[in-house]
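Structure first, commentary second.
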Amino acid sequence: MEQLAIFGGSPVREEPISYGRQYIDDDDIAAVAKVLKSDALTCGPEIGALERKLCQVTGAKYAVAVSNGTGALHLAAITAGFQEGDEVIVSSITFAASANCILYCGAKPVFADIDPDTYNIDPQALEKLITPRTKGVVAVDFTGQSIEQDAVREICRRYGLTLIEDAAHAIGTRYRGQSVGSMADMTCFSFHPVKTVTAGEGGAVTTNDEAKYRRLLRLRAHGITRIQEEMIHPSDARWYNEQVELGYNYRMTDMQAALLCSQLEKLPAFARRRKEIAARYDRAFSEMPQLKVQKEIPESDTVRHLYILRLNPELLNCDRRAFFDALWAENICSQVHYLPVYRHSCYEKLGYEKGLCPNAEAYYETSMSLPLYYGFTDEDVDSVIYAVKKIIAYYGK
Ligand SMILES: *Cc1c(COP(=O)(O)O)cnc(C)c1O
């Protein structure tokens, strides 16, 4: 094995590669250009077309497209009725937005530990945190793998909690054959460019509940309604619309909607390729005792958004920092997903302390993400595996 690049050897990759990137083809470009030549850049026909497509893909009855995944979580949290004095249980290993949406409503995020093998919210840890103040749960399908739907939904049903699923990683994933997006009270998606399909910026909430759907639609546009039944002062005057509650402008543009519709046509191909790449990494790494492969629950047919390289510190003479820096020196630009949310200084200031979720903290100390995206070839995957082997040959016990 060659010398590590970090010590002056030649890097495995000539050019830096990132952990994720979008795939845009001529159909996507044509779809956006067509909207730009049309009359409606926003509030036009592409939004409805996208929402119908999202219902098809997720099996949900209703979908509301919004400006980004964070906006989707915010509107879902309001619609769930979270407010001051409430507690809402949330996964500890997730992007901060999963918990921020609880703070936006004035409620208190309560962090649940992860399962040490799947990295998803541990249903037993979740149940232990329930108090009379608990109103709901925000659970993330981390890396794209479905949460344990049966266990989590049963707990929410038993205690009367609203379940918001943060499926920013999980479009296309199925649980016991049912698509993510059709199972929780509300499911939130993100269409940021690193995610499996993109709108540039974009998000959506799906639900099977008509009342929640109506509320989400209204909150997306300032809390203003044109529906007489929703008004305090109903009028059939054509100019009249009424703001009945405080909402936001979280609309998506028609350019974004058209791009996402075109991307969703490619979702089956994107999903297939992501599964192939994850399986190729898994095959190589499961033979290496210095590494730990993420456990897949058999119920989840996962479209993987992230591939996590997890170190076994007992069999390595280096920490995560040295391993991570060695990967970067090989031009493999890893990232870490994620710092436990409560360890951010913003949350520290609210009184959350280190030690709250031991599995999440142990996970954080030993993990990093490897490149995983549609355009990544088998050769590319093998070059990353080669780089990992090179680092382990040097640091491994
Ligand atoms: C990306 C992401 C979000 C936020 O989505 P944006 O579209 O960037 O606002 C929320 N939760 C998770 C788990 C994410 O990965």
Side-chain angles (χ1 to χ4, degrees), residues 18-22 50 54 63-78 80 88-105 109 111-112 114 118-121 136-147 152 163-173 180-181 184 186-206 216 220 248-253 256-257 259-260 263-264 274 294 302-308 335-342 344 346-347 360 363-364 367-369 372-373:
S18 136
Y19 79 92
R21 61 165 289 124
Q22 71 274 20
L50 168 63
L54 285 168
V64 177
V66 295
S67 46
N68 54 58
T70 304
L73 285 161
H74 186 189
L75 297 190
I78 298 171
V88 180
I89 300 169
V90 56
S91 308
S92 46
I93 294 294
T94 183
F95 183 58
S98 311
N100 291 348
C101 69
I102 302 165
L103 291 180
Y104 293 160
C105 297
F111 292 95
I114 57 167
T118 66
Y119 317 145
N120 267 338
I121 196 164
V137 174
V138 180
V140 63
D141 303 301
F142 180 63
T143 73
Q145 175 165 219
S146 170
I147 52 168
V152 172
L163 175 61
I164 297 176
E165 189 173 346
D166 181 346
H169 296 183
I171 193 148
T173 290
V180 160
M186 286 171 277
T187 306
C188 299
F189 294 95
S190 163
F191 307 114
H192 181 278
V194 296
K195 311 290 160 82
T196 298
V197 287
T198 189
E201 294 277 1
V205 187
T206 59
L216 289 161
R220 170 175 73 183
Y248 299 85
N249 179 356
Y250 282 168
R251 288 190 301 262
M252 179 188 265
T253 67
Q256 291 165 311
L259 173 55
L260 185 52
Q263 288 265 298
L264 285 167
R274 283 177 172 272
Q294 182 180 2
T302 303
V303 177
R304 203 79 81 85
H305 160 58
L306 292 174
Y307 190 88
I308 306 296
Q335 292 292 329
V336 174
H337 300 94
Y338 296 95
L339 177 69
V341 177
Y342 62 87
H344 283 287
C346 172
Y347 280 83
Y363 162 84
Y364 168 66
S367 66
M368 65 202 81
S369 301
L372 172 60
Y373 49 89

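Residue numbers start at 1 and run along the sequence shown. When a ligand or atom number is given, it counts from 1 through the structure's own listing order.
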Below 4.0 Å from ligand 1: does a non-hydrogen atom of G202 turn up there or not?
yes

Report yes or no: do Q145 and R304 form a side-chain donor-acceptor pair below 3.5 Å?
no

For atom 5 (O) of ligand 1, the closest protein heavy atom turns out to be S190 OG, 3.2 Å

Check each atom of ligand 1 against the heavy atoms of T94 and keep those under 4.0 Å away; list them by number with element.
13 (C)

Of the non-hydrogen atoms in I308 and S369, which two are nearest, and what is the gap between them?
CD1-OG, 3.7 Å

Y338 heavy atoms within 4.0 Å reach ligand 1 at atoms 15 (O)

A student checking ligand 1 against V140 at a 4.0 Å heavy-atom cut-off should list atoms 13 (C)

With a cut-off of 3.5 Å and sequence neighbours excluded, list every side-chain donor-acceptor pair involving residues 188-200.
{"unit_1": "S190", "atom_1": "OG", "unit_2": "H192", "atom_2": "N", "d": "3.3"}
{"unit_1": "S190", "atom_1": "OG", "unit_2": "K195", "atom_2": "NZ", "d": "3.4"}
{"unit_1": "H192", "atom_1": "ND1", "unit_2": "V194", "atom_2": "N", "d": "3.2"}
{"unit_1": "T198", "atom_1": "OG1", "unit_2": "F191", "atom_2": "O", "d": "2.8"}
{"unit_1": "T198", "atom_1": "OG1", "unit_2": "G200", "atom_2": "N", "d": "2.9"}

Can you check whether Y347 and Y342 have ring centres sitting under 6.0 Å from each other?
no

With rounding to the nearest 0.5 Å, note down the distance linking OH in Y363 to CZ in F142.
3.0 Å

Taking the inter-plane angle between the rings of H305 and Y19 on a 0 to 90° scale, is it parallel (under 30°), tilted (30 to 60°) or perpendicular (over 60°)?
perpendicular

Relative to ligand 1, is D166 under 4.0 angstrom through side chain, backbone, both or neither, heavy atoms considered?
side chain

Per-atom contacts of ligand 1 with G69, taking only distances under 4.0 Å to non-hydrogen atoms:
5 (O), 6 (P), 7 (O), 9 (O)

Nearest non-hydrogen protein atom, atom 4 (C) of ligand 1:
T70 OG1, 3.6 Å

Any nitrogen or oxygen of H169 lying under 3.5 Å from a nitrogen or oxygen in ligand 1? Just yes or no.
yes

Atom NE2 of H74 and atom CG of N68: how far apart are they, to the nearest 0.5 Å?
11.5 Å

Is F189 in contact with ligand 1, taking contact as a heavy-atom separation below 4.0 Å?
no

Give me the residue, atom name and distance of the protein heavy atom closest to atom 14 (C) of ligand 1.
K195 NZ, 3.1 Å

Within the 3.5 Å criterion, strictly below it, is a donor on T143 or Q294 matched to an acceptor on the partner's side chain?
yes

